[in-house]
Trainee: 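Submitted below is the structure of interest, expressed as structure tokens.
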Amino acid sequence: MDERKYIDDAVSAFRALLEEQIKRQDKMAAAAVGRGEDGAVKKEPVIIGIASGDGIGPVIMAEAVKALRTLLKDELASGKARLKEIEGLTIENRLSKGEAVPSEVLGEIKKCDVLLKGPTTTPKGGTLESANVTLRRELDLYANVRPVQVPGEEIDWMFFRENTEGEYVLGSRGIEIPGKLSMDFKVTTDAGTRRIARAAFDYAKAAGKTKVAIVTKANIMKKTDGSFSRICHEVAADYPGIEADDWYIDIMTANLVNPAVRRDFQVFLMPNLYGDILTDEAAEIQGGVGTAGSANIGDRYAMFEAIHGSAPRMVEEGLAEYANPASILKACEMMLRHVGFIEKADALSEALKACMEEKKVVVTGTSGGAKAADFGDYVVSKLK
Ligand code: IPM
Ligand code: MG
């Protein structure tokens, strides 16, 4: 194809993307936001979707379901809560249907109030979009909320990562002129930024926090990160007593490994990709990505998961049963809190903390460590 033709095609593709993204922003701007004072969804019966995922997913999810069945014994018996098995969110089914989340699977997920999801595999390259990205978009889960704590070091961080736009929204729809160049797009909308900023500042206010760190690279990504930072500051003006500070992502990654300053951070607010990267770093400081849970929150739906992937390498090496279920158990705790089962969430949190501190059963991700099932049983034993 001659170069002219590539350029013409790219220009018309870009026009269509712009029109689509403006429509998306307008829809968000028009939507009424809010889930009530404490942010909890109170609905009866609450329907909890369970999707095991791929790789180590089924192994760690089995432990999550074990803990949920123990914690919610009465609620499940009385019909106050229901667990609904979601089938077909596997790499085999997704590849065979050629859909990141096959439409019938999405239909079943939409019948639930919240979804507990095991990690799902995304092939590198090709055209299949990540199931996470699809679910976050289709369920409009705009706030990715990730807590990280290291009590011994007085680290108590809460990350608010924008979850539906930035580098991700058009990540599978860039432009390529073979042999010459490729171009991806990053999109920051006003309404999309405003809603994640509100979520972060509302949390800060409710939790009695005094500082929010806005993390960008606005010195380089002047348009997208520039407006992200500006809008976050506009939102911050509605929260007197909470200080909003700008940080660049490079120095922030350095600060997180600097014990002299890191304990001063409280709440982090940032665009999608920086949040992806920074939260893996933070999780590692807590004890590894296998220890960190993640909430994807929207106004109607919410999805809870581990922050890590499906670990195909562990599966290949025959180590799947040694995967750490602490991450998905932490996600369970966040889910229970979200649906208003506060005491159950507290009980799971206490049990997890006790298991981490006592270190009687230690999962290392290697065959020298404990198995996921042993750790799951240990946590359940603390619940009784
Ligand atoms: C995460 C994961 C996902 C992401 C992947 C699986 C698409 O790394 O939840 O942090 O990049 O958001
Ligand atoms: Mg990640």
Side-chain angles (χ1 to χ4, degrees), residues 51-58 60-61 64 89-91 94-95 99-101 114-148 157-174 184-188 192 196 215 249 252-253 256 268-298 301-315 323-324 326-328 330-332 334-335:
S52 293
D54 311 306
I56 59 167
I60 60 173
M61 282 290 286
L89 195 66
T90 58
I91 185 65
R94 288 185 285 129
L95 279 175
E99 289 178 280
V101 178
V114 291
L115 176 68
L116 187 69
K117 182 189 136 305
T120 42
T121 299
T122 310
K124 209 184 289 160
T127 52
L128 196 74
E129 190 178 46
S130 141
N132 275 41
V133 173
T134 309
L135 284 168
R136 289 167 185 169
R137 181 182 61 242
E138 295 298 322
L139 305 176
D140 202 19
L141 308 174
Y142 59 86
N144 194 317
V145 185
R146 298 180 163 179
V148 165
W157 296 330
M158 189 63 94
F159 293 85
F160 280 79
R161 158 187 177 191
E162 199 294 317
N163 210 25
T164 50
E165 49 182 55
E167 304 79 355
Y168 281 62
V169 63
L170 298 176
S172 304
R173 297 165 69 191
D184 280 320
F185 302 108
K186 168 164 171 165
V187 185
T188 297
I196 185 66
V215 186
I249 181 67
M252 187 52 96
T253 57
L256 290 200
F268 300 78
L269 166 58
M270 66 219 127
N272 211 338
L273 186 60
Y274 307 142
D276 177 43
I277 298 166
L278 203 64
T279 53
D280 265 18
E281 187 195 14
E284 206 53 38
I285 292 165
Q286 174 179 262
V289 291
T291 66
S294 171
N296 299 264
I297 312 278
Y301 299 102
M303 174 172 88
F304 299 81
E305 57 184 349
I307 81 159
H308 56 75
S310 58
R313 204 172 311 169
M314 282 187 80
V315 178
N324 196 346
S327 53
I328 198 77
K330 184 78 197 157
C332 275
M334 298 179 84
M335 181 181 77

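Predicted model only: the values in this text are computed from it and were never measured. First listed ligand is number 1; within each ligand, the first listed atom is number 1.
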Trainee: Looking only at side chains, do Asn132 and Thr120 share a donor and an acceptor under 3.5 Å apart?
Mentor: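 Yes.
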
Trainee: Are side-chain heavy atoms of Val169 and Thr164 found at a separation under 4.5 Å?
Mentor: no

Trainee: Is there a side-chain contact between Asp280 and Ile307, using heavy atoms and a 4.5 Å cut-off?
Mentor: yes

Trainee: Within the 4.5 Å heavy-atom criterion, are Asn144 and Phe160 side-chain neighbours or not?
Mentor: no

Trainee: Pick out which of Arg161, Arg136, Glu165 makes a side chain to side chain donor-acceptor pair (under 3.5 Å) with Asn272.
Mentor: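 Of Arg161, Arg136, Glu165, side chain to side chain donor-acceptor pair (under 3.5 Å) with Asn272 is met by Arg161 alone.
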
Trainee: Anything under 30° is parallel, anything over 60° is perpendicular, the rest tilted; go ahead and classify Phe268 against Trp157.
Mentor: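 Geometry flag for Trp157 against Phe268: perpendicular rings.
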
Trainee: I'd like the residue list for ligand 1, meaning every protein residue with a non-hydrogen atom under 4.0 Å from the ligand.
Mentor: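 Ligand 1 pocket, heavy atoms under 4.0 Å: Ser130, Asn132, Arg136, Arg146, Arg161, Tyr168, Asp276, Ile307.
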
Trainee: Could you tell me if the side chain of Val148 sits less than 4.5 Å from the side chain of Ile285, heavy atoms only?
Mentor: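 With C-beta onward as the side chain, the pair stays apart.
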
Trainee: State the atom name: nearest N, O or S atom of Asp276 to the Mg ion (ligand 2).
Mentor: OD1

Trainee: Taking both backbone and side-chain atoms into account, decide whether Asp280 has an N/O/S atom under 2.8 Å from the Mg ion (ligand 2).
Mentor: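 Asp280 does not place any N, O or S atom closer than 2.8 Å to the Mg ion (ligand 2).
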
